[in-house]
Amino acid sequence: MTVRTRLAPSPTGRMHIGSIAMALKNYAFAKKHGGQFILRIEDTDKTREIEDGINEIVRALKAYGLDWDEGPEKGGPYGPYIQSQRLEFYKKYAQKLVDEAKAYYCFATKEELEKMRQEALAVGKPPRYNGMYRDYPLEKAKKRIRAGEPYVIRLKVPKDQEIVFHDLIRGEIKFDSNEVSDQVLLKSDGYPTYHLAVVVDDHLMKITHVMRGEEWISSTPKHVLLYQAFGWPMPTWAHIPVFLNPDGKGKMSKRKGDVAALDFLEKGYLKEAVLNFLMILGWTPKDQREILNLDEYVREFNPADISHNSVIFDLKKLNWLNGVYIRKLSDAKLKKRLKPFIPSGFPEKKLDRVIPLIKERLVTLADFDKLTRFLWQQPSIDSKLLLKKATPELVKKQLKLTLEALESLDDFSDQAVEQVIRKLQEKHGWRKRQYFMMLRVAVTGEKATPPLFETMSVIGQEEVVSRLKEILNSKNL
RNA sequence: GGCCCUAUCGUCUAGUGGUUUAGGACAUCGCCCUCUCACGGCGAAAACCCGGGUUCGAAUCCCGGUAGGGUCACCA
């Protein structure tokens, strides 16, 4: 039996980073076993659907390089892969259950449902549908339907039954069927609910392993019941722990930071770093290695080894990983990746010399700007910093002599600059820390930069000279 | 609240009854390198939620408590 996994997102908003994590696991597991990874769009809630929602999903998955074998844009033998185009399947199977008395029509109104809720809550019970149409005569129901009355189809959950299913990560999980309510399967607008649609589609699409979020554990009994009602073989389930907010309070949410998958890339994270981060969040390879690429992950990933508890999505490790991946890039490749993050006024010709200088200082690609701004734009200088460890007289003298020495240089390579400046420093016995820092601030306006001489060389003789002159002429000294 | 899941350093984890003075990574701190920052190297501090069992022996098994998370829709 070939392994078939799927990702089944809803086009109801930005693609969540957690969906990428889920996609990654499903993708890896399918590939590991030479199977297929399927993308299926679960757009059965017309009220929550957003414009361009499917496109968002497709773009995010592609941006992270998690391509699917069957699904939108690709097709496949079990299509269509968009649920709103599969309505007749759901209708047919819901009907089948009604015919076999495993499901029933229900005409309960919103008001009645709300009243039930309130009454249940009042006595401290879980708010649930009370089964008022469970035994309603079928003939009467059909008559009301013929008359045009809106209805839903509900699952007739058997009483006093133990529902057991096996989870790859947690083992056996048991529920009492009396705890399961008569779930709506087909809504009054003719669309299926998630529960009917997943079961029908996972079966029809021959999905063998369902890896999905832990939040689905409590609805799995409904799915088990459905599989049993249809007489279909069940897939293997693996419920993956959810991501928690950095403060550990609740599921990772937009309110407490970025959750949109594409935003991470736009903020300058490398897709391979994000993927790597997602891999080791809640799972480690046998040798405890933390840096691994997709191929290695595919080879070594086993859902049974995923940790059982929810994990905090902590950006610190991502930041570290991103730096690791940036440093691994060749200069040429880094240059290519940096393109979208280079501000429009940046002088192209400096780029090749700048990249090696900032490579080990970048946490994200977006840091490029702040690390290089002073190379091409005149910085504002804080004179207090200039005078931090020396008198105005000394600083003035240092600046003047440095200016003269640099002005007369024919060669402004970093070696030439270094030679001249070191000579000055030694000749006058200036303290290195003070002198170099003063110069750094004078030329760049910053306290932390790449090495001074390279930096000056990249800025260029004319500009360095002009910046020094300006300081000497200013009244602040 | 009912039901379900979970519980090792701040964070992610290794550990599957004795090999453990509980290991690694990130973060933190210190030292080295050094013109600053970063990179790199070395080092430090830092955890088995609590209480009962089982056992010669428990981070590891069982039970209870506690805490956290999830879920209770004609949303997925």
Side-chain angles (χ1 to χ4, degrees), chain A residues 8-13 42-45 47-48 106 108 110 113-114 117 120-121 123-129 150-154 167 169-170 173-176 178-181 183-195 197-198 212-221 239 241-242 244 246 248-251 277 280-284 286-291 307-321 323-324 327 357-363 371 418 421-422 425 431-441 444 446-453 455:
Chain A
S10 295
T12 52
E42 311 231 323
D43 57 340
T44 57
D45 185 353
T47 62
R48 289 204 312 152
C106 170
K110 254 200 170 65
L113 258 15
E114 183 54 29
R117 264 179 55 84
L121 250 24
V123 285
K125 288 241 174 106
R128 279 213 328 242
Y129 173 71
Y151 68 96
V152 301
I153 292 178
R154 285 181 185 271
D167 183 277
I169 297 175
R170 290 160 229 276
I173 299 176
K174 292 180 191 164
F175 283 86
D176 177 350
N178 297 327
E179 299 287 338
V180 181
S181 68
Q183 182 61 47
V184 171
L185 301 177
L186 204 67
K187 304 186 246 184
S188 56
D189 63 1
Y191 278 70
T193 57
Y194 171 85
H195 304 97
V198 251
R212 64 198 340 180
E214 187 181 27
E215 67 268 25
W216 292 110
I217 289 182
S218 43
S219 29
T220 305
H239 289 96
V242 296
L244 267 27
K249 299 239 177 288
K251 264 203 291 188
F277 177 58
I280 61 171
L281 206 53
W283 176 85
T284 39
K286 288 278 174 272
D287 62 2
Q288 286 255 81
R289 169 170 46 114
E290 309 223 86
I291 307 291
S307 92
H308 295 195
N309 43 352
S310 317
V311 293
I312 291 176
F313 196 87
D314 186 358
L315 266 350
K316 290 197 194 94
K317 201 145 196 167
L318 210 210
N319 287 336
W320 167 69
L321 272 169
V324 169
R327 276 169 250 132
L357 293 184
I358 59 164
K359 194 191 227 174
E360 63 204 22
R361 279 164 252 261
L362 290 169
V363 174
L371 289 178
E418 174 160 15
I421 288 183
R422 283 202 191 275
Q425 179 262 323
R431 280 173 304 139
K432 267 196 234 167
R433 274 175 187 279
Q434 178 275 325
Y435 177 48
F436 288 146
M437 183 50 90
M438 187 282 294
L439 250 194
R440 162 174 289 108
V441 171
T444 68
E446 302 283 336
K447 283 186 293 184
T449 72
L452 226 205
F453 313 118
T455 301

Counting the atoms with a prime plus P, OP1 and OP2 as sugar-phosphate, which does [X] contact under 4.0 Å by heavy atoms, base, sugar-phosphate, or nothing?
X	answer
A/Arg289	nothing
A/Ile217	sugar-phosphate
A/Lys447	base
A/Arg48	base
A/Glu179	sugar-phosphate
A/Leu362	nothing
A/Phe175	sugar-phosphate
A/Pro450	base
A/Pro11	nothing
A/Pro150	nothing
A/Lys359	nothing
A/Ala108	base
A/Gly282	sugar-phosphate
A/Arg128	sugar-phosphate

In whole angstrom, give me the gap between the [atom1] atoms of [N] and [M].
N	M	atom1	answer
B/A14	B/C56	C1'	27 Å
B/A45	B/G10	P	15 Å
B/C49	B/C12	P	14 Å
B/C61	B/G23	C1'	23 Å
B/U60	B/U16	C1'	6 Å
B/G53	B/C72	P	40 Å
B/U8	B/G68	P	15 Å
B/A58	B/U20	C1'	13 Å

Completion exercise
RNA chain B nearest-nucleotide lookup for A/Trp283 and A/Ile173: closer to the 5′ end is A/Ile173
Problem - Earlier contact from the 5' end, RNA chain B, for A/Ile312 and A/Pro451 - result: A/Ile312
Exercise for the section: Give me the first and last nucleotide of RNA chain B, going 5' to 3', that has any atom under 4.0 Å from a heavy atom of chain A. Expected result: B/G1 to B/A76
If we only count heavy atoms from C-beta on, is the [X] to [Y] side-chain gap below 4.5 Å?
X	Y	answer
A/Glu360	A/Pro450	no
A/Ile217	A/Ile173	yes
A/Leu315	A/Phe313	yes

Practice task
Kindly determine whether A/Phe453 and A/Phe436 satisfy side chain to side chain contact (heavy atoms under 4.5 Å, CB included), including the steps that lead there.
Solution key: CA-CA 10 Å; A/Phe453 313 118; A/Phe436 288 146; 3.8 Å; yes
Problem - A/Lys251 and A/Glu214 ion-paired at < 4.0 Å - result: no
Exercise for the section: Name all residues meeting the side chain to side chain contact (heavy atoms under 4.5 Å, CB included) criterion together with A/Val363; count only those two or more places apart in sequence or in a different chain, and write none if there are none. Expected result: A/Asn319, A/Asp367
Residue matched to [N] through Watson-Crick or wobble contacts both under 3.5 angstrom:
N	value
B/C56	B/G18
B/C35	none
B/A46	none
B/C26	B/G10
B/U71	B/G2

Exercise for the section: Name all residues meeting the side-chain hydrogen bond (donor to acceptor under 3.5 Å, both in side chains) criterion together with A/Lys286; count only those two or more places apart in sequence or in a different chain, and write none if there are none. Expected result: A/Asp305
Exercise for the section: Test A/Leu281 against A/Ile312 for side chain to side chain contact (heavy atoms under 4.5 Å, CB included), laying out the working first. Expected result: CA-CA 9 Å; A/Leu281 206 53; A/Ile312 291 176; over 6 Å; no
Exercise for the section: Show the numbers, then the answer: is there a side chain to side chain contact (heavy atoms under 4.5 Å, CB included) between A/Ile421 and A/Tyr435? Expected result: CA-CA 10 Å; A/Ile421 288 183; A/Tyr435 177 48; 3.6 Å; yes
